[in-house]
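Please read through the structure below; I'll follow up with questions.
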Amino acid sequence: MALSRVNAVIIGAGAGGGIVAKELAEAGLSVVLLERGKWYSAFDCRKDDLRNERTGPLGTGFGPDEERNPRVLVDLDGTERVFMPNENGYQNNAGCVGGGTFSYGAMAWRFMEKDFRMRSTYGAVPGSTLDDWPISYADLEPFYEKAEYEIGVSGDLSGDPFKAPRRRPLPMPALFPKNREYQVLRPAAEKIGLHPFDIPMLRNSVPYNGRGPCMRCRWCVGFACEVDAKCGTHNTVIPKALATGHCQLRTECTAKEILTDSGGRVTGVAYFDGNNWLQEQPADLVIVSAAAIESARLLLNSKSAKHPNGLGNQHDQVGRNLQGHTYSGATGLLEEEVYDDIGPCASIAICDFNHGNPGLAGGGMLANEFIRTPYQFAGATPKGVPRWGEAHKEFMRRAYRRHISVKGPTQEMPVYDSRVQVDPKMKDYWGQPVARLSGGRHAHTIEIARHQAEKAEMWLKAAGAVKTWLSLAGPGLSAGQHQAGTCRMGNDPATSVVDQTCRVHDHDNLYVVDGSVHVNNGGFNPVLTLMAIAYMASDHLKRNWKAKG
Amino acid sequence: MKSGPLRRRKFLQIAATAASAAAVSCGGGKSPWRSFTAAEAETVAAIADRVVPPDAEPGAGQAGALNYLDRQLGGPLKKYRKAYREGLAALDRLSVAQYGKAFTGLAAADQDSLLSLLESGKAPAAEWKPSQARAFFELVRDHTMQSFYGDPRHGGNREYTSWRMLGVPPASVRGRNLYDLSGEGLASRPGRTKWRSRG
């Protein structure tokens with residue numbers, strides 16, 4: 001039996017869905033926010049280095065449930081394997097209220113102007129669907145600013161000459177005092193003519209929004225913040241949405257399909273509630289914000305006579321161009337100790353190599369890494385050092401406190417055949433076809449990533465590294481926490497899924513608001529862009545709603 | 001810390017029980033472990049001690065690799081139980097074929113050679129298919145690293161052995177009063193355990 005009708009149902013309480021919920025609820029719409037995971041709090045920071053969202057041999061930190069949500073990954077050689085959420089091939093993003101923002105490292109980057117005009121800047125890249133966005137940086141600028149102020153960003157961009165134009169400074173200063181790695185890397189970068197500056201982060205450096213500042217512990221990326229200093233949608237916009245009285249958050253509710261009437265018009269969502277009962281939630285608007293893989297899967301699983309290939313998929317575009325970030329960089333061994341146990345460790349970045357690299361269609365930001373746990377570092381030994389035994393133990397003793405790792409998210413060349421499909425055989429706990437991931441990285445992405453790694457190595461050598469080794473990318477699929485691209489934004493329905501306002505082509509009341517709509521993923525952690533797009537889409541939704549009366 | 005010596009004593013008791021059980025039953029009879037026979041347990045501990053060998057500081061065996069694996073194979077890692085059962089038996093077959101005795105009876109150097117053989121994927125096909133041998137080695141290597149370098153709550157890294165070795169302080173007590181971020185506070189964090197690395 002159907003539940004009572006609401007104005008909007010949003011699937012996924014992550015970075016995108018949380019913002020849309022708050023914006024619509026404050027505008028007076030009745031909203032139901034569905035989330036398949038739980039609502040954790042700061043008290044769920046277990047500081048467990050073997051069970052968190054970054055490293056999970058013993059399980060994920062914050063979902064999704066390890067036994068109910070398998071996925072199928074098809075390797076480049078055609079081998080099919082089933083993965084559970086805590087395993088590396090799964091391409092997981094946390095499943096909980098706040099989504100990835102609950103446990104992320106919280107870097108808060110605006111894309112650059114060129115990131116929205118990749119095709120115009122670099123021309124066509126053979127074998128890639130690299131394209132311009134239908135919107136520009138200037139269109140998004142006010143919404144970047146809104147995200148920075150409403151969710152909360154700290155940092156100091158004064159040293160970054162490459163940043164896109166902005167009207168207001170960041171609302172919070174950079175973290176202080178600086179950690180040891182920052183003190184080593186800053187003069188080294190300046191010495192070789194680079195432009196280092198403080199990483200902008202969705203993290204309180206001073207009291208802001210009623211929460212205290214970062215306490216500089218090492219349990220950061222992959223963990224819940226123990227003092228609630230990381231800013232996600234779970235501790236900003238979602239509580240605000242609930243405070244309006246117009247928004248109901250339903251946790252542990254897993255969407256089954258989007259419902260349509262006989263004319264093909266979207267009428268609501270069918271989902272399994274926490275007791276595994278099938279519920280139907282009718283709504284005037286349906287907003288899909290389940291992250292690039294699950295949003296595509298939900299559209300593909302919503303089949304009907306009018307939409308035999310799933311919703312928004314009449315041109316076989318849903319699930320295409322799956323991408324993430326190709327992380328590459330270098331690790332350097334110094335003579336002096338640099339480990340100071342001051343989190344989050346990641347503190348200093350350069351944008352000298354995002355664009356303008358000779359012969360390359362892109363680049364990316366480079367920054368020092370978050371603190372590596374001993375177990376993570378034990379698996380990251382350079383070539384020539386045994387992976388076990390006496391020599392490995394000796395290496396750990398010598399290198400752990402003396403290494404710095406500089407890495408960055410390399411801009412990826414989107415690939416049409418890197419994609420999400422629904423598996424013909426494998427079903428999840430509720431009997432729904434699971435996501436089937438296939439494809440790989442573009443060869444040019446790997447070239448760019450190598451260039452970035454060499455630049456990271458150069459920086460580390462300038463910082464006094466006596467030994468360095470590169471982290472390079474293989475050809476396999478890339479998605480993970482930065483997953484994007486599967487419901488591309490564009491003006492042409494034949495090559496995209498949503499329009500400039502995140503509305504699915506040919507539907508008047510179905511929207512996708514998450515990383516799925518990214519035409520490309522920039523050379524930056526994508527969350528702030530995703531948030532800005534969510535504010536932009538909400539702005540459109542509200543104005544449209546009022547216009548209709 | 002009062003619980004430290006007690007926990008170590010308890011461990012020694014369990015280890016002694018395991019050893020005597022193995023001597024009496026040769027792996028067949030009652031095992032004090034949940035996921036291993038007594039003989040399997042001995043082999044697991046022996047492999048762990050080659051993956052992270054004891055030197056001036058304890059190896060993975062003394063730090064509780066067996067305890068970690070025994071617990072986790074009964075929980076999050078349960079899908080690997082079969083791989084362990086088959087892999088440990090195959091390792092002993094290979095050991096007997098090459099040296100005339102079980103893995104635990106070999107000298108450390110011979111144990112290392114055998115494990116290197118598995119790692120290289122060149123273990124004789126009579127005992128292994130090469131891919132399985134390598135996969136088994138990778139499994140045990142990774143799990144041993146988890147036990148030695150991971151959080152002690154999971155049954156390994158006894159008394160923070162590895163963190164002490166690396167100079168990484170244990171997880172702080174909840175709350176912020178231990179964090180003095182004024183200039184000097186960064187150099188000497190009051191109230192926090194200071195461990196110096198030996199490297």
Side-chain angles (χ1 to χ4, degrees), chain A residues 42-43 45-52 55-60 66 84 86-87 175-180 212-219 223 226-227 229 337 339-343 371-379 386-402, chain B residues 47-48 50-57 59-60 68 71-72 75-77 79 108 112 115-116 119 137-138 140-151 153-154 156-157 162-163 165-172 174-179 181-183 185-187 189 192 196-199:
Chain A
F43 292 92
C45 174
R46 293 187 299 268
K47 304 184 179 179
D48 187 342
D49 57 358
L50 298 181
R51 188 188 173 106
N52 58 70
T55 313
L58 300 183
T60 64
E66 283 114 27
M84 291 304 174
N86 64 319
E87 296 172 323
L175 281 178
F176 194 84
K178 310 302 180 195
N179 61 340
R180 185 81 195 120
C214 173
M215 68 171 183
R216 315 297 297 274
C217 79
R218 71 178 185 268
W219 311 97
F223 300 91
E226 192 181 22
V227 294
E337 290 199 356
Y339 184 86
D340 56 7
D341 200 42
I342 294 176
I371 288 185
R372 284 71 60 193
T373 66
Y375 169 63
Q376 284 169 343
F377 190 62
R387 296 160 61 244
W388 55 284
E390 283 160 14
H392 181 270
K393 190 178 181 189
E394 186 52 36
F395 177 80
M396 289 294 290
R397 265 194 295 246
R398 192 162 56 88
Y400 185 72
R401 294 177 69 88
R402 292 188 178 85
Chain B
I47 301 172
R50 297 324 302 155
V51 173
V52 184
D55 47 20
E57 273 137 332
Y68 171 84
R71 271 169 62 175
Q72 304 310 326
L77 302 179
K79 69 174 173 183
D112 283 351
L115 294 177
S116 298
E119 186 187 22
F137 175 78
E138 290 303 330
V140 186
R141 187 193 69 84
D142 192 23
H143 289 165
T144 303
M145 293 300 181
Q146 287 163 19
S147 80
F148 189 72
Y149 290 109
D151 192 289
R153 81 185 73 178
H154 298 297
N157 196 4
S162 69
W163 293 8
M165 174 178 100
L166 300 176
V168 178
S172 56
R174 183 186 295 277
R176 52 193 314 112
N177 54 349
L178 293 179
Y179 288 80
L181 292 172
S182 63
L186 291 177
R189 298 256 186 112
R192 301 192 70 186
R196 298 185 48 174
S197 71
R198 297 170 51 94

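Here is the naming used below: chain letters follow the sequence lines, and residue numbers restart at 1 for every chain.
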E394(A)/R397(A) salt bridge by N-O under 4.0 Å criterion: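 Yes.
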
Measure distances from F377(A) to the heavy atoms of chain B and classify the residue's part below 4.5 Å as side chain, backbone, both or neither.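 For F377(A), no heavy atom lies under 4.5 Å from chain B.
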
Chain B contacts, top residue of A378(A), G389(A), A399(A), P57(A) (heavy-atom pairs, under 4.5 Å):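 Ranked by contacts with chain B, first place is G389(A).
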
Does any backbone or side-chain atom of S147(B) lie under 4.5 Å from a heavy atom of chain A? Answer side chain, backbone, both or neither.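 For S147(B), no heavy atom lies under 4.5 Å from chain A.
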
Would you mind telling me which of D55(B), D142(B), D151(B) has the largest number of heavy-atom pairs within less than 4.5 Å of chain A?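 Most heavy-atom pairs under 4.5 Å with chain A: D55(B).
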
Would W163(B) and T373(A) count as a side-chain contact (heavy atoms from CB on, under 4.5 Å) here? Give the steps. CA-CA 10 Å; W163(B) 293 8; T373(A) 66; over 6 Å; no

Interatomic distance, W219(A) atom CH2 to D49(A) atom CG [nearest 0.5 angstrom]: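 W219(A) atom CH2 to D49(A) atom CG measures 5.0 Å (nearest 0.5 Å).
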
As an exercise: rank G75(B), P53(B), G150(B) by heavy-atom pairs under 4.5 Å with chain A and give me the winner.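 With the most close heavy-atom pairs to chain A, the winner is P53(B).
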
Measuring heavy-atom distances to chain A, does R50(B) have an atom under 4.5 Å in its side chain, in its backbone, in both, or in neither?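 Contact with chain A: backbone and side chain both.
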
So, D340(A) side chain and N179(A) main chain: donor-acceptor pair closer than 3.5 Å or not?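 The answer is no, because no donor-acceptor pair under 3.5 Å joins these two groups.
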
Could you have a look at R46(A), R51(A), R180(A) and say which one has the most heavy-atom pairs with chain B under 4.5 angstrom?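 So the answer, after comparing R46(A), R51(A), R180(A), is R46(A).
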
Salt-bridge criterion met for K47(A) and E226(A) (N-O under 4.0 Å):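 Salt bridge flag = yes for E226(A) with K47(A).
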
Contacting moiety of Q146(B), where chain A heavy atoms sit under 4.5 Å: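 For Q146(B), heavy atoms of backbone and side chain both lie under 4.5 Å from chain A.
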
Which atoms of N157(B) are under 4.5 Å from chain A, going by heavy atoms: the side chain, the backbone, both sets, or neither?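 N157(B) has no heavy atom closer than 4.5 Å to chain A.
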
Ion pair present between E119(B) and R387(A), side-chain N to carboxylate O less than 4.0 angstrom?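 Yes.
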
So how far is it from E87(A) CD to T60(A) OG1, rounded to the nearest 0.5 Å?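 That separation rounds to 11.5 Å.
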
